[in-house]
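In this text, all values refer to a predicted model and were calculated from it rather than measured experimentally. No hydrogens, no waters, no symmetry mates; every other heavy atom, side chains included, goes into these values. When a residue number appears, it is its place in the shown sequence, counting from 1.
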Amino acid sequence: RTGDAPPTARLGLDHTDLEAAMHKLDTYVDVQEGQLVEIYNHAVDHAFNRHLGLTCADLMAQNVVTVEFATELEEAWKRLRTHKIKALPVIDRASRKLVGIVTEADFFKQIDTPRASTLAGKLQSLLKPTPGVHASKPEVVGQIMTSKPYTVRPETPILELVRRLSDMGMHHVPVVDEQQRVIGMVTQSDLIAALYKQVALAQSTPS
């Protein structure tokens, strides 16, 4: 939430680029500037898909650690720490369909405090189960998760992920099948690794 444009927009066309091109061609094009930028962006997207040709199925992690709506916060946090991950898809116990996602950020939202010295203590208090039947704080994953998270299908081109993960601040996206069951997870790290591999291969290939 700063004054900067989204990452992909920073690398695209701007008014000075268009002005320089028109000056060089010494001609007039009967297209509004916004439409010309849109045409350019669509062309770039098409070229990206044509050259890379990768889908979510090509780079997703398939051994996905999940939790259920009623999983206690202490157990969910333990899984995050044990597997060194930052998000857990939340699935329905009966249907195994995706119902939400819980992230490290969701835990910290519950203990937001300006005093860093009390952070660890507040986290401990949040994770500790409340005895009895009444609680004044969240007790299970379903109470702090994000419902109806953004998802992709295995055949989704990674171009769509580039925009979501870079411009919309997402760090992890569940991959689901036709029944909305989780079959994979794609993270920013997966995307960067895939892009690096493709660029490295292209540079090492003799022209």
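- Here CD of Gln110 is found 11.0 Å from CG of Leu123. Values are rounded to the nearest 0.5 Å.
- For Asp106, the salt bridge (Lys or Arg N to Asp or Glu O under 4.0 Å) partners two or more places apart in sequence, or in a different chain, are Lys109.
- Counting heavy atoms from C-beta on, the side chains of Gln188 and Leu191 never come closer than 4.5 Å.
- Taking CD1 of Ile91 as the start and CZ of Arg96 as the end, the distance is 3.5 Å to the nearest 0.5 Å.
- Taking the charged nitrogens against the carboxylate oxygens, Glu75 and Arg79 do have a contact shorter than 4.0 Å, which makes a salt bridge.
- Placement of Ile111 and Val140 in two distinct hydrophobic clusters is found when ILVMFWY residues are connected by side-chain heavy-atom separations under 4.5 Å, directly or transitively.
- The minimum heavy-atom distance between Pro89 and Val182, with the atom names listed, is CB-CG2, 4.0 Å.
- The distance from the CG atom of Leu73 to the CD1 atom of Ile144 is 5.0 Å, given to the nearest 0.5 Å.
- Atom OG1 of residue Thr146 and atom NZ of residue Lys148 lie 13.0 Å apart, to the nearest 0.5 angstrom.
- Side-chain contact between Phe107 and Val102 is present, with heavy atoms from C-beta onward closer than 4.5 Å.
- The salt bridge (Lys or Arg N to Asp or Glu O under 4.0 Å) pairs that include a residue from residues 169-179 are Arg153-Glu178, Asp177-Arg181, where partners are two or more places apart or lie in different chains.
- In terms of modelled atom types and a separation under 3.5 Å, the side chain of Lys137 and the main chain of Leu126 share a donor-acceptor contact.
- No donor-acceptor pair closer than 3.5 Å links the side chain of Glu160 to the backbone N or O of Pro157.
- Judged by distance alone, the side chain of Glu74 and the main-chain N or O of Pro129 form no donor-acceptor pair under 3.5 Å.
- Taking hydrophobic clusters as Ile, Leu, Val, Met, Phe, Trp and Tyr residues chained together by side-chain heavy-atom distances below 4.5 Å, Phe108 shares a cluster with Val90.
- Under the 4.5 Å side-chain heavy-atom criterion for Ile, Leu, Val, Met, Phe, Trp and Tyr, Val173 and Val176 are members of distinct hydrophobic clusters.
- Qualifying side-chain contact (heavy atoms from CB on, under 4.5 Å) partners for Lys128, counting only residues two or more places apart in sequence or in other chains: none.
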Please test Val99 against Met145 for side chain to side chain contact (heavy atoms under 4.5 Å, CB included), starting from the C-alpha separation and ending with a verdict. CA-CA 9 Å; Val99 296; Met145 72 178 188; 4.3 Å; yes
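- Across Val65 and Leu88, no two heavy atoms sit closer than the pair O-CD2, 3.5 Å.
- At least one side-chain heavy atom of His172 sits under 4.5 Å from a side-chain heavy atom of Ile101.
- Separation of atoms OG1 (Thr66) and CG (Asp92) is listed at 11.5 Å; rounding is to 0.5 Å.
- Considering every non-hydrogen atom in both Pro149 and Gly100, the closest pair reads CD-CA, 3.6 Å.
- Annotation: side chain of Met185 is not in contact with side chain of Asp190 (no heavy-atom distance under 4.5 Å).
- Criterion: ILVMFWY side-chain heavy atoms under 4.5 Å apart, direct or through other members. Under it, Met170 and Leu59 are part of a common hydrophobic cluster.
- Closest of all the heavy-atom pairs between Leu80 and Ala87 is CD2-N, 3.6 Å.
- In terms of hydrophobic clustering, with Ile, Leu, Val, Met, Phe, Trp and Tyr side chains grouped at heavy-atom distances under 4.5 Å, Leu98 and Val152 are assigned to different clusters.
- Taking CE from Met60 and OG1 from Thr156, the interatomic distance works out to 10.5 Å, rounded to the nearest 0.5 Å.
- The number of heavy-atom neighbours closer than 6.0 Å to CD of Glu68, taken from other residues, nucleotides and ligands shown, is above 12.
- The two residues Cys56 and Ile158 come nearest to each other via the heavy atoms N-CG2, 4.1 Å.
- Nearest approach of Ile183 to Pro154, heavy atoms of both residues: CD1-CG, 3.3 Å.
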